[in-house]
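What follows is one structure encoded as structure tokens, with my remarks underneath.
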Amino acid sequence: MQQLEAKPGIDFQTETYKDAYSRINAIVIEGEQEAYENYIQLGQMLPEQNEVLIDLSKMEHRHKKGFQACGRNLSVTPDMEFAKNFFAGLHGNFQEAAAAHKVVTCLVIQSLIIECFAIAAYNIYIPVADDFARKITEGVVKDEYSHLNFGEEWLKAHFEESKAEIEAANRQNLPLVWRMLNEVEDDAHVLGMEKDALVEDFMIAYGEALNNIGFTTRDIMRMSAYGLTAA
Ligand code: PL3
Ligand code: FE2
Ligand code: FE2
């Protein structure tokens with residue numbers, strides 16, 4: 001709500017900006033769509049939490065609508081095929097875990113990894129966004145903290161019996177996040193977002209989440225490094 005004037009230095013109507021936006025906007029729309037589906041599936045896996053999870057899924061649906069409006073506002077057509085591929089790895093791992101009734105792995109993928117990725121990306125996007133998208137994204141990012149909190153609380157309450165599976169899910173999926181960040185680096189740069197800042201904000205949010213769940217600083221250091229050097 002701070003600055004309502006256009007950002008100096010970014011022209012939201014150049015072909016370069018719109019081309020990059022067609023992929024980033026699609027990634028966010030696809031991410032929100034998959035989050036919507038994932039929370040519905042999580043509700044089926046955790047029947048006693050189904051109502052809460054259905055509420056979260058509805059928020060994700062609203063987020064998707066909001067980001068679709070951001071694309072339309074800039075006359076950009078999102079490249080949904082690109083975005084589907086972008087999420088294919090995490091999507092496949094979530095589906096595989098769901099089929100095996102591995103609720104801990106599903107929560108790590110959606111409520112920790114994907115939500116932290118979204119929180120980092122949206123916070124960094126807000127100061128460089130156009131006025132319309134900034135207002136939408138400010139509303140969305142508040143919700144994402146509550147989604148992250150759902151995962152934290154559940155995993156914290158089941159920490160001892162979940163610890164090994166959380167570590168395995170981290171090891172399986174964190175390298176995918178670094179790969180995804182590399183894939184989006186150039187387009188994000190065009191939008192005024194730097195990869196280093198994305199990595200830093202992701203690490204902070206994810207490390208704090210692991211800490212809240214019950215991991216030690218030593219565990220967190222070890223877990224955060226997976227795949228980072230290979231990225
Ligand atoms: C779950 O609620 C949302 C999942 C979305 C994941 C988004 C990842 C975004 C990475 C690309 C950074 C660009 C952000 C710009 C926003 C228009
Ligand atoms: Fe969302
Ligand atoms: Fe979310």
Side-chain angles (χ1 to χ4, degrees), residues 24 27-28 30-32 34-35 38-39 42 56 86-98 102-127 140-189 193-231:
I24 300 278
I27 285 170
V28 172
E30 177 65 20
E32 298 293 356
E34 295 202 13
N38 290 348
Y39 282 116
L42 277 162
L56 302 195
F86 181 80
F87 275 106
L90 287 180
H91 178 84
N93 288 347
F94 184 98
Q95 290 310 321
E96 193 178 295
K102 291 172 87 172
V103 68
V104 171
T105 301
C106 288
L107 281 171
V108 170
I109 294 172
Q110 177 57 49
S111 296
L112 299 191
I113 292 179
I114 295 178
E115 299 295 354
C116 285
F117 194 17
I119 286 168
Y122 298 165
N123 278 324
I124 287 171
Y125 177 58
I126 285 168
V140 168
V141 77
K142 287 196 193 95
D143 290 344
E144 307 303 9
Y145 284 104
S146 74
H147 302 173
L148 170 60
N149 186 255
F150 176 89
E152 284 176 3
E153 290 300 321
W154 196 95
L155 293 167
K156 183 181 176 174
H158 301 82
F159 184 60
E160 283 313 321
E161 66 271 31
S162 306
K163 200 172 177 222
E165 192 178 327
I166 298 172
E167 294 206 29
N170 173 80
R171 190 181 200 131
Q172 179 195 34
N173 292 287
L174 210 54
L176 295 179
V177 172
W178 307 131
R179 231 176 290 156
M180 290 161 85
L181 276 164
N182 285 340
E183 247 184 271
V184 85
E185 177 178 8
D186 293 346
D187 287 330
H189 178 80
M193 307 164 67
E194 296 311 322
K195 184 191 165 193
D196 286 356
L198 286 164
V199 171
E200 192 177 312
D201 275 29
F202 174 84
M203 295 279 254
I204 291 168
Y206 191 63
E208 274 176 9
L210 293 175
N211 182 252
N212 292 339
I213 289 165
F215 286 98
T216 64
T217 304
R218 191 185 191 84
D219 291 332
I220 295 167
M221 294 297 165
R222 184 173 42 80
M223 290 169 74
S224 311
Y226 274 123
L228 185 56
T229 45

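Predicted, not measured: the structure shown is a model, and the values here were computed from it. Hydrogens, waters and symmetry mates play no part in the numbers below; they use all other heavy atoms, side chains included.
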Looking at [atom1] of [X] and [atom2] of [Y], how far apart are the two atoms once the value is rounded to the nearest 0.5 Å?
X: Ile113; Y: Met180; atom1: CD1; atom2: CE; result: 9.5 Å
X: Lys156; Y: Asn149; atom1: NZ; atom2: CG; result: 9.0 Å
X: Glu115; Y: His147; atom1: CD; atom2: NE2; result: 6.0 Å
X: Leu107; Y: Lys102; atom1: CG; atom2: NZ; result: 13.0 Å
X: Leu174; Y: Cys116; atom1: CG; atom2: SG; result: 10.0 Å

Quiz item: Taking only residues two or more places apart in sequence, or in another chain, which ones meet Glu30 in a salt bridge (charged side-chain N to carboxylate O under 4.0 Å, His left out)?
Solution: Lys84
Side-chain donor-acceptor pair present, [X], [Y], cut-off under 3.5 Å:
X: Asn93; Y: Asn173; result: yes
X: His158; Y: Glu161; result: no
X: Tyr206; Y: Asn170; result: yes

Quiz item: Hey, is the main chain of Ile119 close enough, under 3.5 Å, to the side chain of Glu144 for a donor-acceptor pair?
Solution: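 Not a single qualifying donor-acceptor pair exists.
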Quiz item: Just by modelled atom types, is the Asp143 backbone N or O under 3.5 Å from a matching donor or acceptor in the Ser146 side chain?
Solution: yes
Quiz item: So, do Trp178 and Phe202 have ring centers that fall under 6.0 Å from each other?
Solution: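 Yes, the ring centres sit under 6.0 Å apart.
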Practice problem: Can you tell me which residue pairs pass the side chain to side chain donor-acceptor pair (under 3.5 Å) test with a partner in residues 207-220, sequence neighbours excluded? | Solution: Glu152-Asn212, Thr216-Asp219, Asp219-Arg222
Exercise. Begin with the C-alpha distance, continue with both residues' side-chain angles, and end with the deciding distance and a verdict on side-chain contact (heavy atoms from CB on, under 4.5 Å) for Val141 and Tyr145.
Key: CA-CA 7 Å; Val141 77; Tyr145 284 104; 4.0 Å; yes
Quiz item: Can you list the steps and then say if Gln95 with Asn38 is a side-chain contact (heavy atoms from CB on, under 4.5 Å)?
Solution: CA-CA 9 Å; Gln95 290 310 321; Asn38 290 348; 4.3 Å; yes
Practice problem: Kindly indicate, with the supporting measurements, whether the criterion side-chain contact (heavy atoms from CB on, under 4.5 Å) is fulfilled by Gln172 and Thr105. | Solution: CA-CA 10 Å; Gln172 179 195 34; Thr105 301; 4.3 Å; yes
Self-check item: Results of side chain to side chain contact (heavy atoms under 4.5 Å, CB included) for Glu185 - residues two or more places apart only
Solution: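 Side chain to side chain contact (heavy atoms under 4.5 Å, CB included) list for Glu185, sorted by chain: Asn182, Lys195.
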Quiz item: Can you find a heavy atom in the side chain of Phe215 that is under 4.5 Å from one in the side chain of Leu155?
Solution: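 No - every pair of side-chain heavy atoms lies 4.5 Å or more apart.
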